[in-house]
Amino acid sequence: MQFTPVSFERKDFRTILWLGLVAMLAAIGVYAYLGIFSRYFADDYCEAVRVNRESPFEAVSERYLAGSTRSANRYSNLFFVGISEMLARNSIPITIPAMVVLWVIGLSWCAHEIRRFLRIDWFLPIDFFWGLTLGFFSLLLAPNLFQSVYWRSAMMTHFAPLVFGAFLSAYTVRQLRNLQTEAPSLLAHVIVFLGSFLVAGFSEPPVATMVTTLPLLIGAIWFWGKAPVRQKRLALLAWAFAGALLGFLILVFSPASINVVETRHRDALAVLGLSFYYSYLFIIDSLKTSPVPFVIIVLLPFSFIWLYKQAAATPLSRNQIYLLLLGSVVIPVFMWLLIAASFAPSVYGQNYNFPVERTRFLARTIVITALMVEGIIFGYLLHAWRFKYNPFFGQWAVLLSFAVLAIVYPLRAAWKVYQSDVPIYRSHAEQWDMRDVQIREAIAAGAKDVTVQQLDSFGGAPEYKGNATHWVNRCAARYYGLNSIIAP
């Protein structure tokens, strides 16, 4: 039987890729749909009162200068809460799904720009497939999906920087690629600077990761780049680093960092050592607790690249092989380093404790990205491997395995979320809406002090208490324009 290499020109391969794209879209669609059942929780009331009382700029400035809470040093999250509140009463059910959709769009654009930067030739839908795949597994394996994505206050702190960071990364890679043939643009440098500054202001873990990653990229360009494009790319990355560093300094030297006593007098070496130790524990725990998804994360890009390279007539050069082998060793080290960087602010601010779940979303995304890249490297390194006895059926076995991983697995996971999580989220949203109607009817009748039913705490978010002076009760009362709310 004659051996026919798999390529993108073959209809069966293209069909499977399109079906995989549709399956990933469906899975992301379920996660976005889940967001329409999000409502106000705890801090959401406090932040809504603050941004509705004044403009987003004034709200950010007033909170930052007051510095009465540890989170007061962050400036971007409250600003985007203010933008979200412009959507009025349905702001949260609109904002959350929109952020999920923007997340995968940004990742897909980033995959597209990286592919073009590396001069890899395949058709555009594959870029969307990889962006959707990274987004899907990040949501599937989120340490605490509700607090990371579906609670707006926490989402604007821990998920939003990744969303906007994906767009910033895509734009930066695009400009780095354009510098090969175009003159540097002052506008592009300013956009990269402001974008880095904006992303840095959401919270400490993303900015700590940025000020660690960008110097590594600058070093890589300096070592491997060639003149004259090297100088232009270094300048662009320097602007990005300057924006991130400025944001980092604003967070570190804010009034909140000075006023909040519990974050003082930390041993820098202890924080650094624990950050690396916790990073190691997190990686090991991730692989132990969810072995099947992480194996799939490696196998998907591996099988794809292996099939893609079967049609390649030119073997890898010795230098390319050495670079790929070096990358396979360096990537786990970088993964460990970047996760430690993202953990360090939490270790510092939480009295040396292990970072709480919602702060680990970035770390989990780093793990997934690193494993996907490892799968790609293995696919390139083993592209010359052939099935000894029957290469035709061997390729079909890999092709069908890729189809199962890319189509069946995400659809199965999405169906499970739809069956288990959607009813719970919908039920809570209905109860919340009924209570909201009750409160607004009482206000219309002239009430200034309202007693309502206490709902079950959802996803760890604090609920109304029987004490009107509790901080959630006070923020909710101000949100509704009441003197007090209690839920005995």
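The basis for the numbers below is simple: all heavy atoms, side chains too, and nothing from hydrogens, waters or symmetry mates. Since we're looking at a predicted model, the values are computed, not measured. Quick note: residue numbers are just sequence positions, from 1.
Under the disulfide bond (SG atoms under 2.5 Å apart) criterion, no residue pair touches residues 126-169, with sequence neighbours excluded. Residue pairs meeting the salt bridge (charged side-chain N to carboxylate O under 4.0 Å, His left out) criterion with at least one member in residues 131-145, sequence neighbours excluded, do not occur. The ring pair (Phe, Tyr, Trp, His ring centres under 6.0 Å) analysis of residues 436-457, with sequence neighbours excluded, yields no pairs. Residue pairs meeting the salt bridge (charged side-chain N to carboxylate O under 4.0 Å, His left out) criterion with at least one member in residues 29-44, sequence neighbours excluded, are Arg39-Asp433. Sorted by first and then second residue, the disulfide bond (SG atoms under 2.5 Å apart) pairs involving residues 138-174 (not counting sequence neighbours) form an empty list. Within the structure, the disulfide bond (SG atoms under 2.5 Å apart) test picks out the following pairs touching residues 419-488 (sequence neighbours left out): Cys46-Cys475.
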Under 3.5 Å, which donor-acceptor pairs link side chains of residues 282-302 to any protein atom two or more places apart or in another chain?
residue : atom : partner : partner atom : Å
Ser286  : OG   : Phe282  : O            : 2.7
Ser286  : OG   : Arg364  : NE           : 3.4
Ser286  : OG   : Arg364  : NH2          : 3.1
Thr289  : OG1  : Asp285  : O            : 2.7

Taking only distance into account, with no hydrogens and no angle test, what donor-acceptor pairs under 3.5 Å do side-chain atoms of residues 153-168 form with protein atoms, sequence neighbours excluded?
residue : atom : partner : partner atom : Å
Ser153  : OG   : Glu47   : OE2          : 3.3
Thr157  : OG1  : Asn77   : ND2          : 3.3
Thr157  : OG1  : Ser153  : O            : 3.1

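Looking at residues two or more places apart in sequence or on another chain, you find a side chain to side chain donor-acceptor pair (under 3.5 Å) between Asn52 and Glu85. Scanning for side chain to side chain donor-acceptor pair (under 3.5 Å) contacts around Tyr480 gives Asp436, with sequence neighbours left out. Legend: residues meeting side-chain contact (heavy atoms from CB on, under 4.5 Å) with Val101, ordered by chain and number and at least two apart, are Ala32, Ile105. Take Arg50 and apply the salt bridge (charged side-chain N to carboxylate O under 4.0 Å, His left out) test, not counting sequence neighbours, and it matches Glu62.
Between Phe41 and Trp151, the ring planes are perpendicular. Angles over 60° get that label, and only those under 30° would be called parallel. Taking the six-membered ring for Trp and thresholds of 30 and 60 degrees, Phe57 and Phe79 have ring planes inclined between 30 and 60 degrees apart. In this structure, Phe402 and Phe129 have tilted ring planes: the angle between them lies in the 30° to 60° band.
A side chain to side chain contact (heavy atoms under 4.5 Å, CB included) with Leu145 is found for one member of Leu140, Val417, Leu139 and no other, namely Leu139.
In terms of heavy-atom proximity, Trp130 sits nearest to Ala111 at CB-CB, 4.5 Å.
Aromatic pair Tyr45/Tyr479: ring centres closer than 6.0 Å. When ring centroids are compared, Phe241 and Phe248 stay outside the 6.0 Å threshold.
At a threshold of 4.0 Å, the pair Arg435-Glu463 counts as salt-bridged, since one of the basic side-chain nitrogens sits closer than that to a carboxylate oxygen.
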